[in-house]
Amino acid sequence: MSTITPDLIRSGPPLHGPSSNYLTHSHGIASWIFTLDHKRIGVMYLISVLSAFFLGGVFAIIVRSQLIFPEGAIFTGSLDAYRIYNRMFTLHGAVMIFLVLIPGIPGALGNFILPIMLGAKDVAFPRLNLASYYLYVAGALFAIFAILIGGVETGWTFYTPYSATTDIDKVGIGKHAVEIMVFGVFLLGFSSIFTGMNFIVTIHKLRPPGMTWFRMPLFLWSIYATSLIQVLATPVLGITLLLLIAERTLKVGIFNSEYGGDPVLFQHFFWFYSHPAVYIMILPAMGIMSEVIATFSRKHIFGYRFIALSSIAIAVLGFLVWGHHMFPNGQSALLGSIFSFLTMLVAIPSAIKVWNWLATMYKGSIDLKTPMCYALAFLFLFTIGGLTGVFLGALSVDVHLHDTYFVVAHFHYVMFGGTLIGFLAGLHYWWPKMTGRMYNETLGRIASVLVFLGFNLTFIPQFIMGTHGMPRRYATYLVEYQPYHVASTIGSYIQLVGFLLIASYLIHSLYRGPKAPNNPWGAATLDFDCSSPPPHDNFSTPPVVADPYDMNRMKWDPKLRGYVKDANYIPPVEH
Amino acid sequence: MTPLAYLLADGDATFWLPKQASKMAVNTDWLFYAILYTSAFFFAIIVAAALFFIIKYRRRALNETTPLITHNTTLEVIWTGIPLLIVIGIFFVGLKGFIDLENPSSDAYVIQVTARQWNFEFTYPNGGTSDTLYVPYQKPVKLVLSSTDVLHAVYIPAFRIQRNAIPGRDTQIWFTATKHSPAPGNTPENPGGFSLFCTQYCGNDHSHMHTRVHVLDAEPFAKKLVELANPFKSKDPGSNKEHWIPYAQVGQKLSASNGCFQCHSVDGKAGTGPTWKDLFKSDHKFSFSDKPGYTLAKADDDAKWDAYFHESVLNPGAKIKDGFQNQMQSFASSFSGDPGTAKDEKLRAIIEYIKTLGPDYQGPTLFGKPVPQDNVTPEMYEIQPHQVYHPEALKSLEPAASAPATQDAK
């Protein structure tokens, strides 16, 4: 299919660019842990996020394995056994949301790519950047500590009053597992706020001459929209979690009806953050989509302004739909109808993006490299995720589907099929840039197909059992749902194989991969202007800003096995 | 199958949805299929376009020049406008269904639902209670939900209804059952009825917090209510003669319907609470007691054991058996009453049942004397007022001092 095969192993020094890059710029462990270089911080984020992803994945496989049999395959027969299962799905959710999906793309890929793509030497506040990484680490350590002393079984949503009263143990440190976990999430929230602030200021202040707002690559627009949400919504989560800790330790009545609190108030506070958080997770992945689809279609992105402004529209509307998580909890019909209406509206900007991506592919020159395979998987999976959201946004249908596996499948199609697949697209897209090495393209494509097929086998049966009434968060279930569960579990094992394959060829590429050219894909954004890996200060000469989606000006150079700027290229007149 | 054909198919289960058994379900299912087909249509367009482009415009040469097509405002307006109109239409249909769900018919039959970790208790207007839900056929029914501990939910897929039970607040939902539920089989694996689930995660045994909904015609429903109101009395279906049910048997049923078995096993298995097997007349050690120096041993007489069990149900935190934690909710609202009242007699039945599980159980006693064990028939109980729920008889026959339940902890 492709005529570009950079899989040939070349040896010798890098073919061009400075001999020193950000990896070889300085040495020793201290040069990493005290680094202020956004690229190294990005790499540290990447390693942490991938480790957390491994942990969350282990929990997921345990959860799926339990559900092979109606009475459970692992934790069976007693309440204590079910408690362990309840911890497993709680931890799967908490780890994946707070340690992987939220910091994943902004923290790892955003940190590395944003300044380079913008044409800046670093983010606006490098020290704050490092601080936010260590807050992430501290939050993660609190969460892991809470897991080690027994874990929490509140569900990742920490709904009161259950979360305000439940204890793993009545005595000792286990009594405080929930507080510790919640405090960890509180710290992670601050990490997220700092990163968001940093990116907002960077985009406002560090744009080089010529980089106007509407010349910014769309990945930057999406990160910008994400950062706005992070800064505005995350403090609400922080306050809510502190109130929860206060309630548990000081026994004041806020959310617990036993002390005169209101359990539903917690849900309002929690979702006021956690619904926008869904967009914190998905918007950066949408940004990656815009880059990857344009590059591998070798065509100018279609509807640039619509895509850019739809990110902002999602960020704004995303704040106004939190109540759709509470349709069946007895809130008034008026409130329900307002939230339902706004939820319907938020579907539109996402739809705009999908249409524009499709239109970008029209009359393109489409190359199915691994990142593009993931981008197509995203298009397929995210569309299902978005459309099934319409079912849940419609009030009467939600009353039937709420808290069933239909919801589980829906948000996995968005969070996994969207965010995580987008992350994988971005990881493969920028891997040569970050590491200076090419991975094995064939294995990359095979793995993407495995993940795609495994994913659908896992979650399509969950839609069907959900519409038939299978409730979520059940350690055991009625025997009539077993065929769906078995299929779903088999799908999860196929995904596991896919992810192990990805891990193996990526690690292999670090040691044996061919050296990467500066621009392996023909992208026209600034990040592919500098060498692979980039030098310490990104650009030795001030970058020349041009249309980031004018792919025709990039020309394949067989000697470099990458793309270079065509010196004879005359840019078309914009109309 | 089109939505219309689906609706005509007598509401049987389909690939996508379970049996359609309530009036509301018609609107919900219509909208479900409307969204499904609309989504399928747009999804097909997107996937077909993507596949077509991938094949038609596959990269044939490395330096292909692509046309500069940056935007098309007409196209953007069309593909923004059409989905917008569609989702607004979906919103209004969904809203209509929701408003129907929110406004119960004024003549609805009211059933109180008490949700607790981890069972449901349904209370009918005549005072009868059950752990499975019985509803009349083709009559509006309103469920009023409350919770005694954490959040729960009532979800009946066949009726397409779901509502949370929130501590400290009543919520409600209503429906009209339009289909009879499957009849129960002879085995516990085939309980009949429609499924009813708790869908709001509520702790350890959340996944066992489900029960059945039986839709009955007017006459069997009325009969069922009478039966539920007096758990001690039963009518032979053949002779139509009433007789009393032995205490232990009633106690077993009440233990099940009140969810005691969620935490207390009867076969010696470990659980959140002490197993009831051999609990009676076994030496007890307490990690906490509200009366310092309190002991309970094998040798203690029945009266002391009765008082202990009584207290443990009404005020579970008073004494905590070694190795267990103070987790149980008080069941005072269900079982606290003066001797001779229905609530108190029900509690005695449960205590009698616990006793039958102990090694030293001597058989039912009457005024402190054993009742003969051989040839015990239900009829024997008919003449033994202490052993049956029969307040009038109790009041006239029972010597006040002989009621051990009055020694409960105050």
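Naming convention: chains lettered A, B, ... in sequence-line order (proteins, then strands); numbering from 1 in each chain.
- The aromatic rings of B/Phe197 and A/Tyr481 lie tilted to each other, with the angle between the two planes from 30° to 60°.
- A/Met554 touches chain B through its backbone: at least one of N, CA, C or O sits under 4.5 Å from a heavy atom, while the side chain does not.
- Contact tally against chain A (heavy-atom pairs below 4.5 Å) for B/Ile99, B/Thr171, B/Leu151: the top residue is B/Leu151.
- Within a 6.0 Å sphere centred on OH of A/Tyr362, heavy atoms belonging to other residues, nucleotides or ligands number 12 at most.
- Chain A forms the most heavy-atom pairs under 4.5 Å with one residue out of B/Ala158, B/Ala49, B/Cys198, and that residue is B/Cys198.
- In this structure, chain B has heavy atoms under 4.5 Å from both the backbone and the side chain of A/Phe391.
- In this structure, B/Leu84 CG and A/Leu345 CG are separated by 6.5 Å, a value rounded to the nearest 0.5 Å.
- The two residues B/Ala61 and A/Ser365 make their nearest non-hydrogen contact at O-OG, 4.3 Å.
- A/His468 and B/Pro157 make their closest contact through O-CB, 4.2 Å (heavy atoms, listed as atom of the first residue, atom of the second, distance).
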Can A/Thr157 and B/Tyr201 be said to form a side chain to side chain contact (heavy atoms under 4.5 Å, CB included), step by step? CA-CA 10 Å; A/Thr157 48; B/Tyr201 173 65; over 6 Å; no

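- With chain B as the partner, the residue from A/Thr388, A/Asp566, A/Ile384 showing the most heavy-atom pairs under 4.5 Å is A/Ile384.
- Among the candidates B/Leu145, B/Thr38, B/Ile166, B/Asp170, the residue making the largest number of heavy-atom pairs closer than 4.5 Å to chain A is B/Ile166.
- Taking the side chain as every heavy atom from C-beta outward, B/Asn204 and A/Glu153 approach each other to under 4.5 Å.
- Contact between A/Ser340 and B/Phe91 at its shortest, heavy atoms only, is OG-CD1, 3.2 Å.
- Ring pair A/His400/B/Tyr155: centre-to-centre distance below 6.0 Å.
- Two residues are said to be in side-chain contact when any heavy atoms from C-beta on lie closer than 4.5 Å; A/Asp262 and B/Arg169 meet this criterion.
- Two residues are said to be in side-chain contact when any heavy atoms from C-beta on lie closer than 4.5 Å; A/Leu478 and B/His210 meet this criterion.
- Side-chain atoms of B/Glu76 and A/Asn356 include a donor-acceptor pair closer than 3.5 Å.
- Note on B/Trp118, B/Phe92, B/Phe15, B/Phe42: by heavy-atom pairs under 4.5 Å with chain A, the leading option is B/Phe15.
- Neither the backbone nor the side chain of A/Thr343 comes within less than 4.5 Å of any heavy atom of chain B.
- Atoms CZ and NE2, on B/Arg163 and A/His402 in that order, are 10.0 Å from each other to the nearest 0.5 Å.
- Of the listed residues B/Ile86, B/Val93, B/Thr65, the one with more heavy-atom pairs under 4.5 angstrom with chain A than any other is B/Thr65.
- When the candidates A/Ile464, A/Leu358, A/Thr383 are compared by the number of heavy-atom contacts under 4.5 Å with chain B, A/Leu358 comes out ahead.
- Your options are A/Val354, A/Ile352, A/Leu379, and the one with the most heavy-atom pairs under 4.5 Å with chain B is A/Ile352.
- Chain A forms the most heavy-atom pairs under 4.5 Å with one residue out of B/Ile88, B/Ile45, B/Ile46, and that residue is B/Ile46.
- Two residues are said to be in side-chain contact when any heavy atoms from C-beta on lie closer than 4.5 Å; A/Trp355 and B/Pro83 meet this criterion.
- Looking only at heavy-atom pairs under 4.5 Å with chain B, the residue among A/Tyr549, A/Phe463, A/Phe89 that has the most is A/Phe89.
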Go through the steps for B/His71 and A/Arg305 under the test side chain to side chain contact (heavy atoms under 4.5 Å, CB included), then give the verdict. CA-CA 9 Å; B/His71 62 280; A/Arg305 276 175 195 246; over 6 Å; no

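- For A/Tyr259, the OH atom is densely surrounded, since the number of other residues' heavy atoms within 6.0 Å is greater than 12.
- A distance of 9.0 Å separates NZ of B/Lys96 from OG of A/Ser396, quoted to the nearest 0.5 Å.
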Derivation of the side chain to side chain contact (heavy atoms under 4.5 Å, CB included) call for A/Met361 and B/Ile54: CA-CA 8 Å; A/Met361 287 161 67; B/Ile54 292 168; 4.0 Å; yes

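- What you find for A/Leu387 and B/Ser39 is that their closest heavy atoms are CD1-O, 3.5 Å.
- To the nearest 0.5 Å, atoms CG (B/Asn63) and CG (A/Asn552) are separated by 9.5 Å.
- Using a 4.5 Å heavy-atom cutoff, the side chains of A/Val399 and B/Met24 are not in contact.
- Heavy atoms only, all atoms of each residue included: A/Ala475 and B/Ser207 are closest at N-CB, 3.2 Å.
- Contacts of B/Glu64 with chain A are made by both backbone and side-chain atoms, with heavy-atom separations under 4.5 Å.
- Among residues two or more places apart in sequence or in another chain, the side chain to side chain donor-acceptor pair (under 3.5 Å) test is passed with A/Tyr159 by A/Trp271.
- Here the closest heavy-atom approach between residue B/Ile90 and residue A/Val390 is recorded as CD1-CG1, 3.8 Å.
- Remark: the A/Thr476 side chain and the B/His208 side chain contain an N/O donor-acceptor pair separated by less than 3.5 Å.
- For the atom pair CG (B/Asn72) and CZ (A/Phe302), the distance works out to 5.0 Å, reported to the nearest 0.5 Å.
- For A/Pro161, the parts lying near chain B are the backbone and the side chain together; criterion is any non-hydrogen pair under 4.5 Å.
- Considering only heavy-atom pairs separated by less than 4.5 Å from chain B, the leading option among A/Asn256, A/Ile301, A/Val264 is A/Val264.
- More than 12 heavy atoms of other residues, nucleotides or ligands sit less than 6.0 Å from atom NZ of B/Lys321.
- At least one donor-acceptor pair closer than 3.5 Å links the side chain of B/Thr66 to the backbone N or O of A/Arg298.
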For B/Asp205 and A/Tyr82, run side chain to side chain contact (heavy atoms under 4.5 Å, CB included): C-alpha distance rounded to whole Å, both residues' side-chain angles, the deciding distance at 0.1 Å, then the answer. CA-CA 7 Å; B/Asp205 213 16; A/Tyr82 305 141; 3.3 Å; yes

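- For a residue to count as touching a neighbouring chain, one of its non-hydrogen atoms must lie under 4.5 Å from one of that chain's; by this rule B/Gln117 touches chain A with the side chain only.
- The NZ atom of B/Lys56 lies 11.0 Å from the CD1 atom of A/Ile366; values are rounded to the nearest 0.5 Å.
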